[in-house]
Structures are given as structure tokens and as C-alpha cells.
Amino acid sequence: MTTFADLGLSPKVLDAVEAAGYTIPTPIQAGAIPHALQRKDVLGIAQTGTGKTASFVLPMLTLLEQGRARARMPRTLILEPTRELAAQVEENFVKYGKNHRLNVALLIGGVSFDDQLRKLERGADVLIATPGRLLDHFERGKLLLSAVDILVIDEADRMLDMGFIPDIERICKLIPFTRQTLFFSATMPPEITKLTEQFLHSPVRIEVAKAATTAKTVEQKLVKSGKKDWEKRAILRDLIRAEADGLKNAIIFCNRKKDVSELFRSLVKHEFDAGALHGDMDQRARTTMLANFKDNKLKILVASDVAARGLDIPDVSHVFNFDVPIHSEDYVHRIGRTGRAGRSGKAFTLVTQADVKYLASIEKLIGEDIVWYDGDLSTLPVSNEPDEAPRRGRGGRDKPAPKRRRNEGRERERPQSEIDIIAAAEKAKDIEVEPLDDQPVIRTADKPNKVAIKTENEQRRARPAAARPEQRPEPRRDHRRDRDDMGTAPIGFGDEIPAFMLIDTKI
DNA sequence: AAAAAAT
């Protein structure tokens, strides 16, 4: 049998692999590593969970042992579709690079430039990036790609889904064509094939395990639900309680970020040990949530499809689909978060009347009918307790709250990112969160009820003024105008806003 | 009916 020692990796790398407890490579590793070490281009067709990341990290470490990085000229570049995946690859370099002295820089959005600039300046051996932030650095002239020797494009099909292909093409053209390219994709749609023809030179093709099949160790169930969100939330709570025994940890997927936030708040209110993860949360909250979930400090993670693919969260016992995914492949990815490595897992999907057509395409894709849940949730002792949505009112229990107009009575609410980060902080206990009353709020002139929450930077700048409210109790709010209807007044003029800035140009 | 990513 092939072991890591047979693949041609350097002693330093082998030692780290051994320390991590691995001896036998996965098929993609056994297939890709020897070719990568011979500086060949590799086209790896592999799903998440196949050991794909190590199949490029390990040979890269070996190859990087010769040579040194120069300032602003990284030697290797890895492109990832999401920030979390990029961070995860960085962790792999830390783990397997423990015997090396390599500079690894992570260039992702949502965090400050300063750190990233410092690392670039110092000379990065490995650059791990999401396309947007990478190009941002490049355009600022902080980065030269002319010394990149190895380029890795990971999760190419997902980059395609996310509209990154033009960026990828642009980046590829900035890197010398004498480079070595390692290219990974779970599927090979025509656009991806075209990309590989354009940017790979006679690659070695390695293909492992087919997509679009769900692990046989996952028990899948459908659960009927009414279409109202509060009905779905009630059923979900009952379901979680019914499953409490075997539920070690769970991911709950929603189709929309808004629903992730709402469901998360609802679950916390009902005292479930829950966190949230979606792309509009600030990066700090995202990172904290994910870390806590991985460390089992959080039992339940409510997530958008950011978490559906690629993230290395081992051994999730349950997946709940709060919504039926619109694209059937997403179903496969979502439930692929459980039942990994031959373990058993359970996947429940809430289904409303309107979801039937999506369900049909899922069943067609996975080639089997999913059975309906036959447990009786209504007999559970704690079932049917009131949700936060139904309000008492005229005639009213078990009726959902009347739809509140968008900006009505919002002044005391915090933006979702704040709520998320507070919850994350409560779990983590290591992040300082400002008290609620410090939250600066601006009313815009044209829509007095519209409340705008400043960005972090704006808050920082606004704080001294907010600390002396008596000097300007309720200034100008009647004649201030906001730009772009974003709800933020011009910043930095103190009381002396030039008149032209107050003119409404949108007539 | 969506999400992801630069600001």
C-alpha cells in the first residue's frame, strides 16, 4: 500500500504529516502529489472531504524549501472562493509547515489591509487569497505577481457559480506562463473545461469519486411544514428536541441570509445553543462563530450556503434544511456535511407546499425518493409553545405578527452584524462589545423614520461627538441630506457642512 | 425565491 513516505515529499513535510497522525494518503493525494513534485500541471477533479487541500499544500511545502521570497513578490498563490476556505488553507500551511520557516499571507476581504500589507512587504512564500482582495492589493501596487512560481486554483466550479471567472482569467494572465498550475474542481462544466485548456499545460488529470451522490450512511427525511416562517421555526424546534439524543452538533441551512439571522435570533431566544454564519456578518463574527462551532463550543450553526461546501467541519451529526435548496446540487453539498468518513448522520428537510418542485429535482439528481418523517412532533411535551412571531392582539394567538413597515420603530434595534457578534462574543468571552446605548444612530432628513447605522469606521470617527450630546442636541437632522440614500450624512465636516453637500441631486 | 466576493 502507498504511504506518504512513497510520494517523494521532503523529510520536513513527512515529519509534520506524521505528527498530524496520517500515514496513508487519500486517492487524490496519492495521485496528485508525485506529479506536483515533478512540477507538472495538475487537474484534480475531487469533492470536498477527499483530502484535496493536502494534495497541494504538501508538495508546495516541499518545493518551497528551495529559494526565498522577495518583498511584494510572492512565490506561490492560492485562490479560494470564500474567506473561510482561504483561512482553512492557511491553517493547513501552519499545521504541515511547522518545520518550515515560511511566510504565509492571507489576503481576504472584511479585515484590515495593514496586516496584509506588512506580510506582503516582508515577502510572502505563500499567498492565499480571495480574488477581490487580491486584485485590490494589486491595483494599489502593493503586489507583484511576476515571481509566482506555483498557482493553485481551488474549487473552480464554485468560482464559476460566484461569477469569479473573469477575475481568475485576469489573475492568470498576470502570472508568468512558466509557472506550474494546480487546478481543482468538483465538477467540470464546459466553462471550466475551457479555462483549463486556456491556462493549464498538458496537465495530469486525476479524478476521484463522483459528485451528486449522497453518502449511504446519511439517513434523509422530509418533514412537512406550513409555509410561514414561524411555523417552520416551531417545527424545527420540535424536530431538534425530538432528535436531542443523538444530536451531537448540527448545521441548519437557510436559503437567505435574512432567514439565517432571524432563525438564529429565534433559536437563541428559545435557549438553543446556536450560532450563525452568513456572508453579510462582519468577518470577526464569522471567524468566531466558525471557530466555536468547530471547537464544539456551539452545538448548532445556522448558516447560508457559505457553509455548504468546502468547510472542514468534521463529524456533524445532523443537517437541517430550514429551506429546500433551490438548486439541487446544493442539497448534495449541504447534507454532505454529515455522514462523512463512513460515519452515520441524519439530514432533515422542511418542505412546504411551494417547495415540491425543487424537491422533485433533488430526488431526480440523487436518484432516489426521500422518505417522509413519520414521528409525531405534536406529541412532544414542549411542542407548540408560542414563537416570538405570533403576537397577542385582536383575536390573536398563533397568528403571525402583522407585517411591520420596513423602518417603523426600528430605533432600538441593532444591525444584525452587531447581534451576531454579541452572541459570538458571549460564547467566546474574549471579545469586547460596546454597550447598546453607544450605538450611534442617524436619522436622515428626507425619511425621518429611516435609521442608518454607521459602519465601524464611521462609528470610530463619530464617537467623540456622540460623547458630548449637549453641545449639539439634535442638530441639522431636518435639513441634512444623505448621499446615495444610504442614510449616512457627510462625515468629517463637524458643524460646517458646505451647502452644496446638502443639495439633493436626485431630482 | 439565493449566496458568495472589494469598497
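Heavy-atom basis, side chains included; hydrogens, waters and symmetry copies ignored. Chain letters run A, B, ... following the sequence lines, proteins first and then strands; every chain starts at 1.
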Indicate, with a heavy-atom threshold strictly under 4.0 Å, whether [X] touches base, sugar-phosphate, or nothing.
X      : answer
A/R286 : sugar-phosphate
A/D167 : nothing
A/K227 : nothing
A/N255 : sugar-phosphate
A/G110 : sugar-phosphate

### Task
Answer with yes or no whether A/H278 presents, from its side chain, a donor or acceptor under 3.5 Å of a partner atom in the base of B/dA4.
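Under the 3.5 Å cut-off, the side chain and the base do not form any donor-acceptor pair.
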### Message
Starting the side chain at C-beta, find the nucleotide from B/dA2, B/dA6, B/dA5 nearest to A/R133.
### Response
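Nucleotide nearest to A/R133's side chain: B/dA6.
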### Task
Could you check which of B/dA2, B/dA4, B/dA6 has an atom nearest any side-chain atom of A/K257?
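Closest nucleotide to the A/K257 side chain: B/dA4.
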#### Entry: A/E243 and its salt bridge (charged side-chain N to carboxylate O under 4.0 Å, His left out) partner, picked from A/K221, A/K346, A/K299
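The option that passes is A/K346.
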With a 4.5 Å cut-off on side-chain heavy atoms, are [Y] and [X] touching?
X      : Y      : answer
A/L135 : A/I171 : yes
A/L239 : A/Y373 : yes
A/H327 : A/D161 : no

### Query
When you check the phosphate oxygens OP1 and OP2 of B/dA4, does a side-chain N or O of A/S304 lie under 4.0 Å from one of them?
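So the side chain of A/S304 is within the cut-off, an N or O lying under 4.0 Å from OP1 or OP2 of B/dA4.
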### Phosphate contact (B/dA6 OP1 or OP2) by A/R83 side-chain N/O below 4.0 Å
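Indeed, a polar side-chain atom of A/R83 lies that close.
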May I have the distance from [X] (atom [atom1]) to [N] (atom [atom2]), rounded to whole angstrom?
X      : N     : atom1 : atom2 : result
A/F164 : B/dA4 : CZ    : C1'   : 6 Å
A/K228 : B/dA1 : NZ    : P     : 16 Å
A/Y358 : B/dA1 : OH    : P     : 9 Å
A/D136 : B/dT7 : CG    : C1'   : 7 Å
A/H333 : B/dA4 : NE2   : P     : 15 Å
A/K357 : B/dA1 : NZ    : P     : 11 Å
A/H137 : B/dT7 : NE2   : P     : 9 Å
A/E80  : B/dA6 : CD    : P     : 12 Å

### Query
Under 6.0 Å between ring centres, would you say that holds for A/F199 and A/F183?
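That pair fails the under 6.0 Å test.
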